Amino acid sequence: SCHNGTTAIGKNNGHVATTAACETCHKSTTSFSGAKFNHTGITTGCASCHNGTTAIGKNNGHVATTAACETCHKSTTSFSGAKFNHTGITTGCASCHNGTTAIGKPSNHIPYETKLLGGASMGCEKCHKTTSFALGVSSTVMHNNSQGKGSGWCIGCHLSGTNFLGVQGKESLTHEAPGHTDCSDSGCHKPLGNTGASYINWD
C-alpha cells in the first residue's frame with residue numbers, strides 16, 4: 001500500500017515478476033534483503049526467473065538442453081536431485097555421458113574405439129538400449145561388423161588376462177588348438193557366425 005514506487009520505494013526493474021504481496025517473500029519489515037521466494041504452487045515457468053539474471057540459472061557445466069527446468073527438476077526449493085528425462089532420446093548419449101557433464105565410461109570399459117572395426121563412429125546407443133547402464137540388462141555387444149584378425153581383433157577383448165567390463169568368453173589362443181593369432185582364424189569362431197552356420201552371431 002505504501003511501497004508502490006511513489007509513496008515509498010517499490011519493486012526495482014530486476015525484481016521477480018510477481019503479483020504476490022511483498023510479505024509473501026519479504027519477512028523483515030526493516031530491510032528488503034534476505035527475501036526468500038515462496039515457490040508454493042509453482043510447477044512451471046521456472047526459467048522466466050531462473051535465467052541467470054533475475055534468479056540463478058543454469059551453470060556452465062549444465063547438460064545442454066532447451067527443455068524447461070521442471071522437466072528434470074522436480075523440487076521447487078532445490079536444484080539438487082534432478083533426474084534427467086530421457087524420453088525420446090535415442091542418439092547422442094556421449095554428448096552428455098562424457099564423465100564430466102554426466103557419468104561416462106568406467107576405466108575398464110570395452111575399448112570399442114580401438115578394438116572394433118570403425119569403433120570411433122559407435123555411440124553408447126549401439127550397445128546400451130535403455131537408460132540404465134546395468135550390464136546384462138541393458139547392453140548388448142554390437143561388434144560393428146568387425147571381421148577379426150586385423151579388421152577388429154577378437155583378442156583385443158576376449159583374450160585371457162583382459163579385464164574389460166562385461167566381456168564374456170576370455171580364453172587363451174591355445175585353449176583348443178595351437179597356432180592361432182586371433183579367435184577368428186581358429187575355425188571355430190567365424191567372424192559374425194558359428195561353425196558351419198551363416199554369418200549371424202559371433203559364438
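Hydrogens, waters and symmetry mates are skipped; everything else that's a heavy atom, side chains included, is used. The model shown is predicted, which means the values in this text are computed figures rather than measured ones.
With hydrogens and angles disregarded, no donor-acceptor distance shorter than 3.5 Å links the side chain of His128 to the backbone of Glu125. Panel note: side chain Lys27, backbone Ala35; no donor-acceptor pair is recorded below 3.5 Å. With hydrogens and angles disregarded, no donor-acceptor distance shorter than 3.5 Å links the side chain of Asn163 to the backbone of Asn108. Remark: side-chain polar atoms of Glu70 are paired, donor with acceptor, to backbone N or O of Gly45 under 3.5 angstrom.
Atom SG of Cys49 sits about 7.0 Å away from atom CD1 of Ile42, to the nearest 0.5 Å.
Screening residues 87-109 for salt bridge (charged side-chain N to carboxylate O under 4.0 Å, His left out) gives Lys105-Glu113 as the qualifying pairs, with residues at least two apart or on separate chains. The stretch residues 79-95 participates, sequence neighbours left out, in these side chain to side chain donor-acceptor pair (under 3.5 Å) pairs: Ser78-Ser80, Asn85-Thr87.
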Worksheet item: Yes or no on side chain to side chain contact (heavy atoms under 4.5 Å, CB included) for Leu173 and Leu159, after CA distance, side-chain angles and deciding distance?
Response: CA-CA 7 Å; Leu173 281 175; Leu159 190 65; 3.9 Å; yes
Worksheet item: Given Lys170 and Val167, is the side chain to side chain contact (heavy atoms under 4.5 Å, CB included) satisfied, shown in steps?
Response: CA-CA 7 Å; Lys170 291 179 281 190; Val167 175; 3.8 Å; yes
Show me the donor-acceptor pairs within less than 3.5 Å that the side chains of residues 56-63 make with the rest of the protein, sequence neighbours left out.
unit_1: Lys58; atom_1: NZ; unit_2: Thr65; atom_2: O; d: 2.9
unit_1: Asn59; atom_1: OD1; unit_2: Gly61; atom_2: N; d: 3.1
unit_1: Asn59; atom_1: OD1; unit_2: His62; atom_2: N; d: 2.9

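Every ring-ring contact (aromatic ring centres under 6.0 Å, His included) that Phe79 has, sequence neighbours left out, goes to His50, His73. Take Ala17 and apply the side-chain contact (heavy atoms from CB on, under 4.5 Å) test, not counting sequence neighbours, and it matches no residue. Take Thr29 and apply the side-chain hydrogen bond (donor to acceptor under 3.5 Å, both in side chains) test, not counting sequence neighbours, and it matches no residue.
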